[in-house]
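Working notes for the structure below.
Both ligands and their constituent atoms are indexed starting at 1 by order of listing.
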Amino acid sequence: MAIEKTYVDVLEDFKQLLKSNRLKYTKQRELILEIIYNNDGHFTPEDIYNLIKMSYPDVKLGIATVYRTLTLLEDAQIVSSISFGTQGKKYEFGLKEHHDHLVCLECGGIEEFFDETIEKQQEAIAKKFNFKMTNHIMKITGLCSACQAK
Ligand SMILES: [Zn+2]
Ligand SMILES: [Zn+2]
C-alpha cells in the first residue's frame with residue numbers, strides 16, 4: 001500500500017513526538033521508524049529488532065527500546081498494530097492508504113485488502129446510528145490457503 005507522506009515529514013513528526021515526551025532523539029529510535037517506513041509488511045517487535053541488527057550490526061540496541069518506541073509511535077498514530085491475541089502485535093506504518101487485513105492464526109501471515117462495499121457499508125451503519133466514525137478496524141481471522149492445505 002502506498003504511503004502518502006515523505007520520510008522527511010514523518011521523521012520531523014517523530015522528533016516532535018520525542019521532544020513532547022521529553023525523550024532524546026537517538027539513531028536507534030530513528031532506525032525503528034525507518035524500518036517500518038521502508039518495509040512494506042507487518043512486523044513484530046522482534047522482527048524489527050532483528051532487521052536492525054542485520055542491517056546495522058554496529059548499532060547498540062535493546063529490545064526494550066523497540067517496544068517502548070513502538071508504543072510511543074502507536075499512541076501518536078504514526079504506526080498501527082494488528083493484535084494476535086496472546087502472540088502479541090504486528091506493526092506497520094500507520095499512514096498508509098486505508099486497508100483491512102486477513103490474519104492467519106496458524107502461520108501469522110497477513111494479507112491486505114480493500115473493499116469498496118465494506119467501506120461504504122460501514123459508513124452507512126455509522127450514519128444510521130448518528131455516529132461520527134473516525135476510524136475502523138476490520139480484521140478477518142482464520143487459516144490462509146497454505147495452512148489449510150497442511
Ligand atoms: Zn497460514
Ligand atoms: Zn496492513
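Atoms SG of C144 and SG of C104, as seen from the Zn ion (ligand 1), are separated by an angle of 110°, to the nearest 10°. Seen from the Zn ion (ligand 2), atom NE2 on H99 and atom OE2 on E92 lie at an angle near 90° (rounded to 10 degrees).
Side chains of T65 and T26 form no contact here, defined as non-hydrogen atoms less than 4.5 Å apart. At a threshold of 4.5 Å between non-hydrogen side-chain atoms, the residues F14 and T69 count as touching.
Evaluation of the salt bridge (charged side-chain N to carboxylate O under 4.0 Å, His left out) test over residues 70-80, restricted to residues two or more places apart or in two chains, returns E74-K89.
Minimum-distance N/O/S atom of H101 relative to the Zn ion (ligand 2): NE2. Residue E112 approaches the Zn ion (ligand 2) most closely through its N/O/S atom OE2.
A salt bridge is absent between K90 and D47: the closest approach of a Lys/Arg side-chain nitrogen to an acidic carboxylate oxygen does not fall below 4.0 angstrom.
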